[in-house]
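Excluded from the calculations below are hydrogen atoms, water molecules and symmetry mates; all remaining heavy atoms, backbone and side chain alike, are included. Here is the naming used below: chain letters follow the sequence lines, and residue numbers restart at 1 for every chain.
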Amino acid sequence: MTDREHSMQPHFIRNIIEEDFASNQLRQLVTRFPPEPNGYLHIGHAKSICLNFGLAWEYRGRCHLRFDDTNPLNEEEVYVDSIREDVAWLGFDWGEHLYYASDYFEQLYQYAVELIKQDRAFVCSLTPEEIRQYRGTLTEAGTESPYRNRSTEENLDLFQRMRRGEFAEGSQVLRAKIDMGSSNLNMRDPVIFRILHATHHRTGDAWCIYPTYDFAHCLSDAEEGITHSLCSQEFEDHRPLYDWFIEHLPVPSRPKQIEFARMNLTYTVLSKRRLNRLVEEGYVDGWDDPRMPTLSGLRRRGYTPGAIRNFCDMIGVGKSESLVQMSMLEHALRDDLNYRAPRFMGVQDPLKVVIVNYPQDGEEELEGINNPEDESMGTRGLPFSREIYIERDDFREDPPKKYFRLAPGREVRLRYAYFITCVDVVKDDNGEITELHCTYDPESRGGSSPDGRKVKGTLHWVSARHCLDAEFRLYDRLFTKADPTREEKKGVDFVQYINPDSLRVVSGCKVEPALRGIDSGTRLQFERKGYFCLNGDSRHEPLVFNMAVALKDTWAKIEKREQGGASVSS
RNA sequence: UGGGGUGUAGCCAAGUGGUAAGGCAACGGGUUUUGGUCCCGUGAUUCGGAGGUUCAAAUCCUCCCACCCCAGCCA
């Protein structure tokens with residue numbers, strides 16, 4: 001991470017940390033990113049990752065990566081691997097500080113025993129349904145469990161037998177003894193250990209009782225010396241409970257929980273459940289489909305870690321739930337890639353152009369600049385010959401107003417090559433344009449004329465004899481509604497709003513030969529089109545390029561407006 | 001009709017008693033061998049609403065409205 005990327009935008013969490021340092025309550029900042037290994041990370045998680053690791057980096061503290069693996073029913077090793085990969089890819093380093101809540105199972109068990117001895121926890125033999133009924137409702141107080149006043153000895157014995165596996169799942173639980181009349185449901189004698197006869201991905205069959213989130217999370221934080229435990233807002237109601245455990249147990253440190261708002265992104269979904277449906281029901285091609293907002297999907301799409309970090313920085317950290325426009329994410333990518341992506345020429349919909357006054361078998365090499373924003377990226381050779389391909393959309397027989405590309409009798413520039421003038425349009429029997437005849441001005445070699453003559457348009461092109469075949473995969477928003485989740489609340493299944501044109505596969509594309517042999521994953525700009533990324537499995541022709549994001553297109557905007565089209569939304 | 005949280009421009013977001021930052025988007029203009037980039041300019045008499053305190057309020061007080069979260073032995 002560089003300083004350029006890390007702006008120091010003020011936000012309430014940073015303010016709290018500043019105050020804690022100022023009042024000498026804090027010597028070193030310690031944060032943590034605590035994913036449950038039960039799914040893949042997405043852009044929403046990136047916000048939390050960047051916040052936690054970013055703050056630790058900024059204040060010379062440290063950030064732990066801790067897997068919150070207290071529920072063996074939905075956790076798997078594959079998820080821990082992908083999460084580690086994604087966090088590292090984003091550019092963060094947890095150093096030696098990789099932890100698992102499951103590392104603390106024995107300690108957590110001892111803490112529970114301590115609570116029983118303090119008469120602050122009891123084994124409850126109510127059934128799950130009974131527990132629910134006894135809990136009361138939002139507006140009515142709960143009822144105390146008939147098992148609430150078991151003796152310490154009996155509780156100790158029962159809890160030990162729970163651990164030994166003497167009971168069936170669901171028959172007993174350990175509960176904290178707090179207040180069944182609390183208006184905060186989390187304080188109505190919450191369950192802190194439950195029986196699960198399941199194999200855990202790390203502890204195997206060593207345990208058959210597992211701590212709940214509320215019990216494990218705060219104590220894990222305390223064990224690790226976390227100073228600021230940042231979580232999303234839905235845990236705000238849990239904070240009194242978090243503090244209750246910290247207060248009553250002999251923990252080595254006293255972490256502070258601070259909640260911030262989750263982010264939503266337009267035209268996509270970010271909940272595990274919905275993302276899972278997209279994959280399970282085949283609407284996308286897996287978790288790393290380039291249309292997915294998962295980190296693996298964004299990576300395959302061509303997003304850079306720097307772009308995602310900048311995006312997270314841009315959106316800020318607050319307490320009000322946001323619906324961030326996709327245009328912000330796209331801006332962050334363009335902004336990053338503009339400086340680092342090498343430029344190439346690629347024609348999506350080829351239209352043959354014959355340079356009639358160019359030598360029949362002539363051939364020469366022109367020079368192209370790899371990145372106008374960064375001279376150190378050098379130049380490359382561009383083979384030129386009598387027959388080339390240009391973009392079909394760069395020619396209009398009857399050019400509309402403000403169109404300054406090629407048209408009959410009009411002169412334009414071929415980027416880094418020559419000025420050409422269209423002298424003839426060749427069509428087939430159906431009236432389809434099959435090729436263009438143009439003349440070139442030998443004096444304009446390189447792209448400028450010694451007489452100072454100006455042209456309005458510059459076109460990208462490839463030499464027909466030298467170009468490579470390619471396939472472009474053009475991605476668009478996954479949904480047709482900015483907030484498919486909101487629509488869902490009106491009773492419509494969000495999959496109804498999946499964009500049928502979110503993927504357009506275009507074959508028959510032609511790209512310049514310098515692209516031969518580039519590595520998969522390489523990010524580049526096809527000039528005048530957008531930023532692309534060579535797809536992972538693309539070794540031979542046709543080369544497959546995923547479009548990460550299109551370049552801004554002022555002409556498309558003008559054309560749409562002239563036609564009275566609707567404005568583009570984000 | 002319980003509790004917790006949030007409301008500042010189309011979106012994100014600073015600001016916490018002294019007269020509304022910044023970014024994205026949009027719209028003008030300049031530069032340009034990418035209709036890209038870059039540069040310049042344009043937007044809130046007003047901060048969910050209504051009252052009140054004050055010389056002074058987005059900031060303090062009162063009432064109201066809207067939205068989000070909570071009744072898993074999920075996290």
Practice task
May I ask you to say what A:F67 touches in the nucleic acid, namely base, sugar-phosphate or nothing, with a heavy-atom cut-off under 4.0 Å?
Solution key: nothing

Exercise for the section: Answer with base, sugar-phosphate or nothing: what part of the nucleic acid does A:H238 contact at a heavy-atom distance below 4.0 Å? Expected result: base

Practice task
State whether A:K552 places a side-chain N or O below 4.0 Å from either non-bridging phosphate oxygen (OP1 or OP2) of B:rU37.
Solution key: yes

Exercise for the section: Look at A:K402 together with A:E562 and state whether they make a salt bridge at an N to O cut-off of under 4.0 Å. Expected result: yes

Practice task
For A:L126, report the nucleic acid contact type (base, sugar-phosphate, nothing); a contact means any heavy atom under 4.0 Å.
Solution key: base

Practice task
Please say whether more than 12 non-hydrogen atoms of neighbouring residues, nucleotides or ligands are located less than 6.0 Å from CZ in A:R392.
Solution key: yes

Practice task
May I ask you to verify if any side-chain N or O of A:H331 is less than 4.0 angstrom from the OP1 or OP2 atom of B:rC24?
Solution key: yes

Exercise for the section: Taking atom P in both B:rA56 and B:rG4, compute the distance separating them and give it to the nearest angstrom. Expected result: 34 Å

Exercise for the section: Establish, with yes or no, whether the OP1 or OP2 oxygen of B:rC73 is under 4.0 angstrom from a side-chain nitrogen or oxygen of A:R175. Expected result: no

Completion exercise
When rounded to whole Å, the CZ to P distance for the pair A:R561 and B:rG35 reads 17 Å

Completion exercise
Sorted by chain and residue number, the side-chain contact (heavy atoms from CB on, under 4.5 Å) partners of A:F404 (sequence neighbours excluded) come out as A:R410, A:K456

Practice task
Kindly confirm whether the side-chain ring of A:Y213 is stacked on the base of B:rA75, judged by centres under 5.5 Å and planes under 30°.
Solution key: no

Fill in the blank from the handout: Contacts of A:Y440 meeting ring-ring contact (aromatic ring centres under 6.0 Å, His included) (sequence neighbours excluded), chain-then-number -> A:Y358, A:Y418

Exercise for the section: For A:P372, answer base if it contacts any base atom (sugar-phosphate contacts may also be present), sugar-phosphate if it contacts only those atoms, and nothing otherwise; contact means non-hydrogen atoms under 4.0 Å. Expected result: base

Problem - Sequence neighbours excluded, every pair satisfying salt bridge (charged side-chain N to carboxylate O under 4.0 Å, His left out) that has a member inside residues 128-146 of chain A - result: A:E144-A:R148

Handout entry: A:R135 vs B:rG72: side-chain N/O to OP1/OP2 distance below 4.0 Å
Key = yes

Practice task
Tell me what A:K529 touches on the nucleic acid: a base, only sugar-phosphate, or nothing, going by heavy atoms under 4.0 Å.
Solution key: nothing

Handout entry: Pairing of A:E223 and A:R66 as salt bridge, 4.0 angstrom limit
Key = no

Exercise for the section: Round to the nearest Å and state the distance from A:Y416 atom OH to B:rU32 atom C1'. Expected result: 12 Å

Practice task
Just call it for A:S232: base, sugar-phosphate, or nothing, with non-hydrogen atoms closer than 4.0 Å on any strand.
Solution key: nothing

Practice task
Just name whichever nucleotide pairs with B:rU42, Watson-Crick or G-U, keeping both distances under 3.5 Å, else none.
Solution key: B:rA26

Exercise for the section: Let me know the distance between CG of A:L51 and P of B:rC12, rounded to the nearest Å. Expected result: 18 Å

Exercise for the section: For B:rU34 versus B:rG28, give the span between their C1' atoms, rounded off to a whole number of Å. Expected result: 22 Å

Handout entry: A:M314 CE to B:rC24 P, straight-line distance once rounded to whole Å
Key = 8 Å

Exercise for the section: Considering only atom C1', compute the distance from B:rG3 to B:rG43 and round it to an integer number of Å. Expected result: 40 Å

Handout entry: Any-strand Watson-Crick or G-U partner of B:rU1, both distances under 3.5 Å
Key = none

Problem - Integer angstrom distance from the C1' of B:rC55 to that of B:rU1 - result: 44 Å

Practice task
Check whether the ring centres of A:F245 and A:Y111 lie less than 6.0 Å apart, and answer yes or no.
Solution key: no

Exercise for the section: Between B:rC27 and B:rG15, how far apart are the P atoms? Round to whole Å, please. Expected result: 31 Å

Problem - Distance-only donor-acceptor check, side chains A:Q525 and A:N371, under 3.5 Å - result: no

Handout entry: Nucleotide nearest A:T70 when distance is taken to its side chain, options B:rA75, B:rC73, B:rC38
Key = B:rA75

Exercise for the section: May I ask you to decide if the ring planes of A:Y109 and A:W207 are parallel, tilted or perpendicular, using 30° and 60° as cut-offs? Expected result: tilted

Handout entry: Counterpart base for B:rC63, defined by Watson-Crick or G-U wobble contacts under 3.5 Å
Key = B:rG49

Completion exercise
If pairing means Watson-Crick or G-U wobble with both distances under 3.5 Å, then the partner of B:rA71 is none

Practice task
Report the distance from atom CZ of A:F311 to atom C1' of B:rA25, rounded to the nearest whole Å.
Solution key: 14 Å

Practice task
Respond yes when some side-chain nitrogen or oxygen of A:R194 is under 4.0 Å from OP1 or OP2 of B:rA75, and no when none is.
Solution key: yes

Practice task
Let me know, please, whether A:R486 or A:W555 comes out on the 5' side of the other along RNA chain B by nearest nucleotide.
Solution key: A:W555

Handout entry: Whole-Å gap separating P (B:rA25) and CD (A:Q325)
Key = 9 Å

Handout entry: A:R132 vs B:rC73: side-chain N/O to OP1/OP2 distance below 4.0 Å
Key = no

Practice task
Rounded to the nearest angstrom, tell me the gap between atom CD in A:E373 and atom P in B:rC39.
Solution key: 10 Å

Handout entry: A:H201/A:Y79 aromatic ring centres below 6.0 Å
Key = no

Problem - Residue whose closest nucleotide on RNA chain B lies nearer the 5' end, A:N371 versus A:D69 - result: A:N371

Problem - Syn-anti status, with the boundary at 90° from 0, for the nucleotide B:rG72 - result: syn

Exercise for the section: Just call it for A:F404: base, sugar-phosphate, or nothing, with non-hydrogen atoms closer than 4.0 Å on any strand. Expected result: base

Handout entry: Residue A:M328, side-chain atoms from C-beta onward, closest of B:rU34, B:rC24, B:rG35
Key = B:rC24

Exercise for the section: Could you verify whether a donor N or O on one side chain and an acceptor N or O on the other, from A:R150 and A:S125, lie under 3.5 Å apart? Expected result: yes

Handout entry: Distance, rounded to the nearest Å, where A:L73 contributes CG and B:rG72 contributes P
Key = 17 Å

Practice task
Pick the P atom in B:rC70 and in B:rU59, then give their distance to the nearest Å.
Solution key: 31 Å

Exercise for the section: Verify the contact: side-chain N or O of A:S322 to OP1 or OP2 of B:rC11, cut-off strictly under 4.0 Å; return yes or no. Expected result: no

Could you list all N or O pairs between the protein and nucleotides 1-6 of chain B that sit under 3.5 Å apart?
from  : atom 1 : to     : atom 2 : distance (Å)
B:rG2 : N9     : A:L138 : O      : 3.3
B:rG2 : N3     : A:L138 : O      : 3.1
B:rG3 : N2     : A:D237 : OD2    : 2.8
B:rG4 : O2'    : A:D237 : OD1    : 3.4
B:rG5 : O2'    : A:Q233 : NE2    : 2.6

Problem - Stepwise ring pair (Phe, Tyr, Trp, His ring centres under 6.0 Å) test for A:F532 and A:F472 - result: CA-CA 9 Å; A:F532 289 73; A:F472 287 179; 5.0 Å; yes

Fill in the blank from the handout: The side-chain contact (heavy atoms from CB on, under 4.5 Å) partners of A:M187 (sequence neighbours excluded) come to A:I178, A:S182, A:N184, A:P240, A:L241, A:W244

Sub-3.5 Å pairs of nitrogen or oxygen atoms, protein against nucleotides 14-21 of chain B:
from   : atom 1 : to     : atom 2 : distance (Å)
B:rA14 : OP1    : A:V317 : O      : 3.3

Exercise for the section: Would you mind classifying the nucleic acid contact of A:F235 as base, sugar-phosphate or nothing, using non-hydrogen atoms under 4.0 angstrom? Expected result: base

Problem - Atom P, compared across B:rC63 and B:rG18: separation rounded to whole Å - result: 25 Å

Problem - Any A:N71 side-chain N or O less than 4.0 Å from OP1/OP2 of B:rC74 - result: yes

Handout entry: Rounded distance in Å between the P positions of B:rC60 and B:rG23
Key = 27 Å

Problem - Ring center gap for A:Y213 and A:F235 short of 6.0 angstrom - result: yes

